[in-house]
Amino acid sequence: MRTDDLIDALAADAGPAPGLAPRRRLGVTLVGGGLVALLMVLTWLRMRPDLSEAMRGGMFWTKAVYTGLLGLGGYLAIERLGRPAGSGRRGWMLAGAALGLFILAGTIQMMTSPSILVAMHLMRGHSWHVCSVNILALGIPMLALGLWAVRGMAPTRPAQAGFAMGLFAGGAAATIYGLHCPENTFTFVALWYSLGVLLVAALGALLGRWALRW
């Protein structure tokens, strides 16, 4: 029997972790990490000057719903993976569905554009070279706080738990990043916002293998 299988078997025999503790830990992580990300936007990136006008448009909220769903998928996954022998399937399905729908919308928007120049603009926008990196930077504090919080839970799949925590942090960071970013096309968001969130998730998986191993 492999070591991971033995850990899963022992964890299953031990019974579930207390139901409220993981949610409380993740709630503190969201508030703490979200406040740090917001402070970084306010002092480093700055709020977009047309924020009040943008908030009256549909795309601002569409972006927020999309990135919020990615973060919610990560939350649902880590809330279960933080328990002995837990499965993140429900969270993976939600995040995967949101990602797939947005990629489809972005692809349709680009393919129906009137010219190749317009299609390239839809994809690149004005900030393609910094968008994903900025989301990664905003997500790292919440990821670090989250990994510390998950260490006090009972994850038995450290890489998956780290990925889920990164998805949670990345989705929250991307949502807050929308307060700064003026990009408003499905194509841009599907590519660069998604990449930024997945970078945080990938970093979480790498760190989780070390930080969350029993």
Side-chain angles (χ1 to χ4, degrees), residues 4 7-8 11-12 14-37 61-105 135-136 138-178 189-190 193-209 211-214:
D4 289 347
I7 290 174
D8 286 348
L20 185 59
R23 295 171 186 170
R24 183 182 296 119
R25 287 175 177 272
L26 295 175
V28 171
T29 296
L30 177 61
V31 172
L35 287 175
V36 172
W61 297 107
T62 301
K63 284 197 303 183
V65 168
Y66 169 58
T67 54
L69 286 175
L70 294 181
L72 178 59
Y75 168 82
L76 292 175
I78 190 57
E79 197 272 335
R80 300 306 304 174
L81 288 166
R83 304 166 187 264
S87 170
R89 182 180 304 172
R90 183 173 57 163
W92 304 143
M93 291 177 62
L94 175 62
L99 177 62
L101 286 173
F102 228 85
I103 289 176
L104 177 61
I135 291 173
L136 174 62
L138 294 179
I140 285 176
M142 181 173 166
L143 174 61
L145 180 61
L147 291 176
W148 174 80
V150 174
R151 280 181 61 86
M153 295 160 66
T156 55
R157 297 175 174 84
Q160 288 189 40
F163 186 90
M165 189 62 244
L167 187 63
F168 182 28
T175 304
I176 294 171
Y177 181 66
V189 175
Y193 272 64
S194 301
L195 178 60
V197 174
L198 291 175
L199 284 174
V200 184
L203 180 61
L206 289 173
L207 296 178
R209 291 178 65 88
L212 302 179
R213 185 167 293 277
W214 287 18

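Shown here are the side-chain contact (heavy atoms from CB on, under 4.5 Å) partners of R209, two or more places apart in sequence or in another chain: A159. By the side-chain contact (heavy atoms from CB on, under 4.5 Å) test, A172 pairs with L30, M142, sequence neighbours left out. With sequence neighbours left out, the side-chain contact (heavy atoms from CB on, under 4.5 Å) criterion links A144 to no other residue. Remark: L104 engages I108 in a side-chain contact (heavy atoms from CB on, under 4.5 Å) (not counting sequence neighbours).
Across all non-hydrogen atoms, the minimal contact from G170 to V197 is O-CG2, 3.5 Å. When all heavy atoms of G139 and A169 are compared, the pair lying nearest together is O-CB, 3.8 Å.
With values rounded to the nearest 0.5 angstrom, L143 atom CG is found 10.0 Å from T29 atom OG1. Here L81 contributes atom CG and L76 contributes atom CG; the two are 11.0 Å apart, rounded to the nearest 0.5 Å. Separating the CG atom in L212 from the OG1 atom in T156 is a distance of 11.0 Å, to the nearest 0.5 Å. For the atom pair L35 CG and I176 CD1, the distance stands at 8.0 Å (nearest 0.5 Å). For the atom pair CG of L99 and CG of L94, the computed distance is 11.0 Å after rounding to the nearest 0.5 Å. The line from CD of Q160 to CZ of R80 is 13.5 Å long, rounded to the nearest 0.5 Å.
Between M165 and F168 the shortest side-chain heavy-atom distance falls below 4.5 Å.
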Q | Verdict with reasoning, W92 to L167, per side chain to side chain contact (heavy atoms under 4.5 Å, CB included) | A | CA-CA 10 Å; W92 304 143; L167 187 63; 4.2 Å; yes
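Residue L203 is tested with L207, L199, V200 for a side chain to side chain contact (heavy atoms under 4.5 Å, CB included); the sole match is L207.
Of the possible polar contacts, none joining the R25 side chain to the V150 backbone as a donor-acceptor pair under 3.5 Å is found.
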Under 3.5 Å, which donor-acceptor pairs do the side chains of residues 62-71 form with other protein atoms, sequence neighbours left out?
unit_1: T62; atom_1: OG1; unit_2: G58; atom_2: O; d: 2.8
unit_1: K63; atom_1: NZ; unit_2: C181; atom_2: O; d: 3.2
unit_1: K63; atom_1: NZ; unit_2: E183; atom_2: O; d: 2.8
unit_1: K63; atom_1: NZ; unit_2: Y193; atom_2: OH; d: 3.2
unit_1: Y66; atom_1: OH; unit_2: S194; atom_2: OG; d: 2.5
unit_1: T67; atom_1: OG1; unit_2: K63; atom_2: O; d: 3.0
unit_1: T67; atom_1: OG1; unit_2: A64; atom_2: O; d: 3.3
unit_1: T67; atom_1: OG1; unit_2: T175; atom_2: OG1; d: 2.7

